[in-house]
Amino acid sequence: MKKISILIPCYNEEKSLPLLYPELLKLMESMPAYEWELMFVNDGSRDDTLQVLKQLREKDPRVNYVDLSRNFGKENAMLAGFDHVTGDCMVIIDADLQHPPTLISEMVKWWEQGYDDVYAKRKSRGKESWLRKRLSLGFYKILQSSSRFDVLQNVGDFRLLDRCCVNALKSLRESERYTKGMYSWIGFKKKELLFEQGDRVAGESSWSYRQLFSFAIDGITSFTTLPLRISTVVGFIVSLCAFLYMVYVFFKAVIVGEPVQGYPTLVILILFLGGIQLLSLGIIGEYIGRIYNETKNRPDYIVREINGQRQQHEKG
Ligand code: UDP
Ligand code: MG
C-alpha cells in the first residue's frame with residue numbers, strides 16, 4: 001500500500017486544528033486504498049497548539065508531531081517536516097483551511113499518473129491591498145527575469161511532492177530558505193491545478209509588510225546575483241560619465257580658465273555618487289550577510305520533542 005504524508009506547519013493554530021482535523025479525516029476515509037500519515041510541525045506556538053496535537057495523537061495514531069524549540073518560521077518548520085515524513089509522497093497544507101483538503105484527492109490522481117510535483121495555483125489573490133498586489137507582482141517579475149527557472153506567482157506551498165522531490169529538497173540546506181524558489185529549482189515533472197483560496201478559519205495571519213519585504217530579499221538574494229551585476233553596470237556607466245566630465249572640466253579650465261564657481265555641480269555630484277556608492281555597498285552587504293550566516297553552519301531548526309519523546313540534540 002502506498003503511503004501519503006500530509007505536512008502541516010502550525011504556528012498558534014489551536015483554534016484551526018480542531019476544524020482542520022475532521023476535514024483531513026474525511027479525506028483519509030474517502031481514500032482507503034492508501035496508508036496515511038499526518039505530520040504536524042509545531043513551530044514554537046505560544047498557545048495550546050501542542051496540547052491539541054497531543055490530544056489528536058491519543059485518538060489517532062496516524063497523527064505525528066514534531067515540536068520545535070522555538071519559532072523558526074514556516075520555511076524552516078517545513079524543512080523539519082521534510083526530514084521527518086516517511087510517505088511515498090507528501091502534501092504540504094496550511095493549518096488555517098485556506099487550502100481546501102478536498103483538492104488533495106485530485107493531486108493524488110495526477111501523482112498516480114506520473115507527475116512528481118502537483119502544485120495548486122490560486123485563481124485569485126483574495127483580500128489584499130492594491131499596494132501589496134503591485135509589490136508582489138514586481139517581485140515575481142524581478143525573480144523571473146533574472147533566474148533561469150520560473151518562480152510562479154500565486155503558487156504557494158500547497159502541493160503534492162513525490163518522494164524524489166522531498167529528498168531533493170532535503171538536500172538543499174541553506175539557512176535563509178526560500179522554498180518557493182526551491183520547488184522550481186529542483187525541477188521534476190510538474191502539474192498545475194487551480195483552486196480558490198478561502199479566508200483563514202481562525203487565528204491571525206502572521207505576515208507584516210516588513211516580513212514580506214525581508215522574505216522578498218531572501219528570495220532574490222538566494223536565487224539570483226542580478227543585483228550585484230546591476231550595481232557593476234551602473235557603477236561602470238557612472239564612472240564613464242564622470243571621466244568624460246573630468247576631461248571636459250580639465251580642458252575648459254586650461255583653455256578658458258575657471259573662476260571659482262560650480263557649487264551646485266559639486267553638491268549634485270557628491271550626492272549622486274554617494275547615493276550610488278551606498279546602494280551598491282548595501283547590495284554587496286546583503287550578499288555578504290548571507291555568506292556570513294551560511295558559514296556559521298547552524299542547524300536550520302532544533303527539535304524539542306517528537307511524538308512525546310524529548311530529543312537530546314538533533315542536527316537539522
Ligand atoms: N506558520 C508557521 N510558522 C510561522 C508562521 C506560520 O509554521 O512562523 C504556518 C501557519 O501555522 C500556517 C501556515 O504557516 O499553517 C501559513 O501561515 P499564515 O496563514 O500565517 O500565512 P498566510 O496564509 O497569510 O500566507
Ligand atoms: Mg493563511
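In listed order, ligands and their atoms are each counted from 1. Every value quoted in this text rests on a predicted model; they were computed, and no experiment measured them.
Here side-chain hydrogen bond (donor to acceptor under 3.5 Å, both in side chains) pairs that include residues 89-106, with residues two or more places apart or in two chains, are K74-D94, D96-R200.
The D96 neighbourhood of ligand 1 comprises atoms 19 (O), 23 (O), with distances under 4.0 Å to a heavy atom of that residue. The contact set between ligand 1 and Q98, taken as ligand atoms under 4.0 Å from a residue heavy atom, comprises 19 (O), 23 (O). Close approach of ligand 1 to D43 is summarised as follows: ligand atoms under 4.0 Å from at least one heavy atom of the residue are 2 (C), 3 (N), 4 (C), 7 (O), 8 (O).
The pair E112-K109 does not meet the salt-bridge criterion, since no charged nitrogen lies less than 4.0 angstrom from a carboxylate oxygen. We find that R173 and D83 are joined by a salt bridge, their nearest charged nitrogen and carboxylate oxygen being less than 4.0 Å apart. Look at K189 and D116 and you find no salt bridge, because none of the NZ, NE, NH1 or NH2 atoms lies under 4.0 Å from a carboxylate O. Contact check on E286 versus R290 returns a salt bridge, with a Lys/Arg side-chain nitrogen under 4.0 Å from an Asp/Glu carboxylate oxygen.
At a heavy-atom distance under 4.0 Å, atoms from both the backbone and the side chain of D94 approach ligand 1. When heavy-atom distances to ligand 1 are checked against a 4.0 Å cut-off, E13 comes that close only through its side chain, counted from C-beta outward. Only side-chain heavy atoms of N71 come within less than 4.0 Å of ligand 1; its backbone N, CA, C and O stay farther off.
Counting heavy-atom neighbours within 6.0 Å of Q309 CD, excluding the residue itself, gives a total of 12 or less.
The cationic group of R70 lies under 6.0 Å from the six-membered ring centre of F72 and within 45° of the ring axis, placing it in a cation-pi geometry.
Counting only protein atoms, the N, O or S atoms lying less than 2.8 Å from the Mg ion (ligand 2) are D96 OD2, Q98 OE1, ordered by chain and residue number.
A donor-acceptor contact shorter than 3.5 Å links the side chain of Y65 to the backbone of G308. The backbone N or O of V63 lies less than 3.5 Å from a partner atom in the side chain of R57, making a donor-acceptor pair.
Of the listed residues (P9, A77, C10), the one carrying the non-hydrogen atom nearest atom 15 (O) of ligand 1 is P9.
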